[in-house]
S.K.: 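Dropping the structure in here first, questions after.
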4 protein chains.
Amino acid sequence: MTAASTPKGERRRQALVAAAAGLLAEGGFEAVRHRAVAERAGLPLASTTYYFSSLDDLISAAVEHDGRQELAAGRARLDELADQPRGTDAVIELLLDLLLGVASRDGGAEPVLLRYERLVGSPRRPYLAPLMRQMSAELQELLAEIFERSGMRVSRERLLELIALVDGAVVNALIESDPDPRSAARRMLAAQLG
Amino acid sequence: MTAASTPKGERRRQALVAAAAGLLAEGGFEAVRHRAVAERAGLPLASTTYYFSSLDDLISAAVEHDGRQELAAGRARLDELADQPRGTDAVIELLLDLLLGVASRDGGAEPVLLRYERLVGSPRRPYLAPLMRQMSAELQELLAEIFERSGMRVSRERLLELIALVDGAVVNALIESDPDPRSAARRMLAAQLG
Amino acid sequence: MTAASTPKGERRRQALVAAAAGLLAEGGFEAVRHRAVAERAGLPLASTTYYFSSLDDLISAAVEHDGRQELAAGRARLDELADQPRGTDAVIELLLDLLLGVASRDGGAEPVLLRYERLVGSPRRPYLAPLMRQMSAELQELLAEIFERSGMRVSRERLLELIALVDGAVVNALIESDPDPRSAARRMLAAQLG
Amino acid sequence: MTAASTPKGERRRQALVAAAAGLLAEGGFEAVRHRAVAERAGLPLASTTYYFSSLDDLISAAVEHDGRQELAAGRARLDELADQPRGTDAVIELLLDLLLGVASRDGGAEPVLLRYERLVGSPRRPYLAPLMRQMSAELQELLAEIFERSGMRVSRERLLELIALVDGAVVNALIESDPDPRSAARRMLAAQLG
DNA sequence: TATGAATGAGTCTTCATTCAT
DNA sequence: GATGAATGAAGACTCATTCAT
């Protein structure tokens with residue numbers, strides 16, 4: 001179905017989701033408000049409650065939107081590789097690209113924050129958990145593929161360990177005065193894989 | 001100075017901090033509101049702004065209160081050990097007790113959530129970062145002491161790695177349908193230390 | 001469009017403006033508060049922020065409302081004159097009616113106060129200045145018409161001088177123990193025009 | 001009595017008055033708040049209510065302080081003249097200096113605002129009126145002296161007229177987009193005296 | 001199918017004033 | 001004589017949600 005043939009309602013819904021996802025990425029959960037979403041989408045305020053039965057609904061959609069986008073970006077990143085990554089360093093950078101996003105290369109807490117806000121925000125927003133689990137599993141598949149391509153044999157447990165290492169490094173780096181979470185994660189991966 | 005001789009003003013201030021810290025632990029940052037704090041402390045609404053120049057101020061105090069309490073509990077946990085921990089398993093449990101709190105033994109996301117909400121909440125509340133760094137450093141000292149006592153030689157880098165491993169495991173476990181973050185962390189520590 | 005057919009929303013908006021304008025006239029800028037306006041209009045508090053994006057917005061509307069009303073009253077006063085005003089005294093009274101309002105005939109500071117509060121309040125409320133300039137210009141047109149009708153030739157500069165004379169007389173009369181600003185202005189006009 | 005021998009209480013009172021007067025000049029009546037005054041004076045909040053039975057009391061004192069200071073400046077301005085002012089222009093500038101303050105030479109509404117805020121603010125603050133009358137009378141004496149010195153014979157009525165002209169010109173100039181009230185007043189005085 | 005209108009509850013914060021010490 | 005402590009009332013403004021059309 002082309003964009004042109006997408007029903008108007010669906011298109012508006014998507015516009016709201018995209019607006020909410022943008023707000024979520026920029027300002028965290030607090031920033032996702034009916035008013036703000038409607039304004040960003042250029043749609044009437046009431047359309048937010050018309051298309052989404054509650055704010056939580058809208059937040060779910062936003063979380064999924066952001067997550068799917070990241071997954072797609074990860075997939076694309078993987079596909080653009082002509083052949084297998086050579087060497088540990090290439091594997092590490094690939095892991096970081098997929099886990100933290102390519103934007104994390106620039107340093108700073110902001111580009112990576114969304115991933116951890118969603119994770120840590122889930123217990124207080126139980127409706128997010130199933131969604132997060134699903135997307136987490138898909139991300140793991142992608143990460144597993146990195147090792148497959150590189151020829152490195154890595155068990156599922158080992159993969160989870162490496163993910164944890166990255167996530168823990170990042171979470172702890174978030175409070176640094178000049179945070180560079182990607183570098184922190186890289187250091188730890190290098191120590192483990194090197 | 002005994003409790004009885006604590007000046008009244010300081011006692012009220014502490015009551016507000018304790019109330020805010022409780023709300024923070026139970027409901028996250030969003031739950032710390034002037035009204036809620038005042039009600040929980042049984043004090044007038046205006047007392048919250050009398051003792052704290054802004055809500056951020058109060059939040060800072062609450063974060064510090066919770067953090068100091070955890071540190072004190074960790075210190076106490078360490079001191080109650082008659083001699084050195086015997087065996088890897090004991091070391092692991094000790095690590096988990098100090099990092100996640102003894103309450104984490106019961107399972108569930110709630111007991112460990114506060115640690116990660118504070119970490120992940122810091123980038124959007126920059127005034128927390130220095131405080132968090134200070135308390136993080138103190139916690140690392142405590143954790144280092146575990147290894148010293150056990151006779152295991154562990155470098156600072158290695159310690160940070162282990163912390164990251166725990167934190168990453170926890171953060172990823174938060175989205176499980178029946179989260180048991182402590183167990184997840186334990187598994188990873190066992191794999192690394194075992 | 002009759003009152004009955006005025007859309008409800010517009011009617012409510014007008015009710016708020018009228019309430020604000022009344023408060024402004026009776027109590028000055030300080031008296032225009034969300035609460036007071038809503039109560040006077042018999043509408044919910046939140047309606048004030050629904051119809052006006054800020055208090056300044058509401059104050060602007062109130063200032064314009066009062067100003068337009070005065071201008072309309074001046075216009076009406078002029079139109080009720082069958083023919084030209086005869087004699088200097090009639091011209092003077094007409095000038096005073098338009099500048100200070102017919103209510104000023106009764107003496108007292110209150111009836112004239114609003115004009116000067118708006119003028120003097122503008123520098124600290126810059127958003128009022130354009131509005132005030134516009135209404136000032138329209139008032140000058142009305143005043144010019146008085147002289148045209150009376151057959152007296154008065155240049156624009158001379159008109160501004162006479163306005164200044166009245167305003168200055170009034171402003172200084174405001175501190176008298178039993179203020180009669182209209183009389184003070186009349187005396188000065190008589191001396192200049194007599 | 002020298003400053004050193006001024007009783008401490010009186011000195012503090014004066015500090016509060018000076019602080020209030022400064023706030024009044026900078027921010028108008030609204031800016032005179034207990035907290036702001038105390039902070040500016042570097043004194044405890046409660047000292048404001050200890051030395052002044054109410055905020056109105058403090059405002060009165062501030063109004064008087066500012067007024068006396070202006071009068072003193074006017075007196076000084078007059079005394080610094082070696083001989084009589086020569087020519088109408090010199091007289092006009094002198095009038096403007098005394099009425100609007102020498103700061104008005106720089107243009108802008110701010111330097112002259114205080115005079116008109118006090119005048120127009122008096123009807124809603126009746127306790128100010130007697131004070132304002134007294135200071136107004138003293139100012140008139142000063143202005144009369146200008147004409148005496150210059151050799152120009154000007155009746156009391158004429159003087160009041162000239163004052164009104166200046167005040168009216170200023171008040172109307174306050175709403176200009178780039179207000180230069182002194183110039184507006186100068187023009188009118190020149191037309192009348194030239 | 002949409003949406004403009006509407007609002008009760010709540011947000012943080014300010015303030016004049018009182019009072020015990 | 002002086003002031004730290006305290007607070008009820010009010011300030012402007014936001015928000016999720018409902019509802020009539």
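Note on naming: letters A, B, ... go to the chains in the order of the sequence lines (proteins, then strands), and numbering restarts at 1 for each one. Because the structure is predicted, anything quoted here is derived from the model rather than measured.
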S.K.: Can you build the contact string for nucleotides 13-21 of chain E? Use B for base contact, S for sugar-phosphate-only contact, and - for no protein heavy atom under 4.0 Å.
M.R.: BBBBBB---
S.K.: Only pairs under 3.5 Å count here: list side-chain donor-acceptor contacts from residues 13-22 of chain B, not counting sequence neighbours, and write none if there are none.
M.R.:
{"unit_1": "B:R13", "atom_1": "NH1", "unit_2": "B:Y51", "atom_2": "O", "d": "3.0"}

S.K.: When you look at A:R124 and B:E117, which way does the side-chain contact (heavy atoms from CB on, under 4.5 Å) test go after all the steps?
M.R.: CA-CA 11 Å; A:R124 300 216 192 266; B:E117 287 185 321; 2.7 Å; yes
S.K.: Determine whether B:L174 and B:P179 make a side-chain contact, defined as any pair of heavy atoms from C-beta on separated by less than 4.5 Å.
M.R.: no
S.K.: Is it true that, when you exclude B:E10 itself, more than 12 heavy atoms of the residues, nucleotides or ligands shown sit nearer than 6.0 Å to its CD?
M.R.: yes
S.K.: Between the side chains of A:R115 and A:E70, is the shortest nitrogen-to-carboxylate-oxygen separation below 4.0 Å, so that they form an ion pair?
M.R.: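 No, A:E70 and A:R115 are not salt-bridged.
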S.K.: Between P on E:dC12 and CG on B:L16, what's the gap in Å once rounded to a whole number?
M.R.: 14 Å
S.K.: Over how many whole Å does the gap from A:I59 atom CD1 to F:dA16 atom C1' extend?
M.R.: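 Taking CD1 of A:I59 and C1' of F:dA16, I get 11 Å after rounding.
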S.K.: Does any non-hydrogen side-chain atom of B:R118 lie less than 4.5 Å from one of B:L128?
M.R.: no
S.K.: What is the distance from CG of A:L43 to P of E:dA2, rounded to the nearest Å?
M.R.: 11 Å
S.K.: Using a heavy-atom cut-off of 4.0 Å across all strands, would you classify C:R13 as base, sugar-phosphate, or nothing?
M.R.: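 Nothing, no heavy atom under 4.0 Å.
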S.K.: Would you indicate whether the side-chain heavy atoms of C:M135 and C:L131 approach each other to under 4.5 Å?
M.R.: yes
S.K.: Rounded to the nearest angstrom, tell me the gap between atom CD in D:E39 and atom P in F:dG4.
M.R.: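 The answer, rounded to whole Å, is 13 Å.
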S.K.: Based on Watson-Crick and G-U pairs with both distances under 3.5 Å, what dot-bracket line describes DNA chain E 5' to 3', crossing pairs as [ ] and inter-strand pairs as |?
M.R.: .||||||||||||||||||||
S.K.: Hey, are the side chains of D:R125 and D:F29 touching, using non-hydrogen atoms and a 4.5 Å cut-off?
M.R.: yes
S.K.: What is the distance, rounded to the nearest whole Å, between atom CG of A:L58 and atom P of F:dC15?
M.R.: 14 Å
S.K.: Using OP1 and OP2 only, check whether a side-chain N or O of A:Y51 sits under 4.0 Å from E:dT1.
M.R.: no
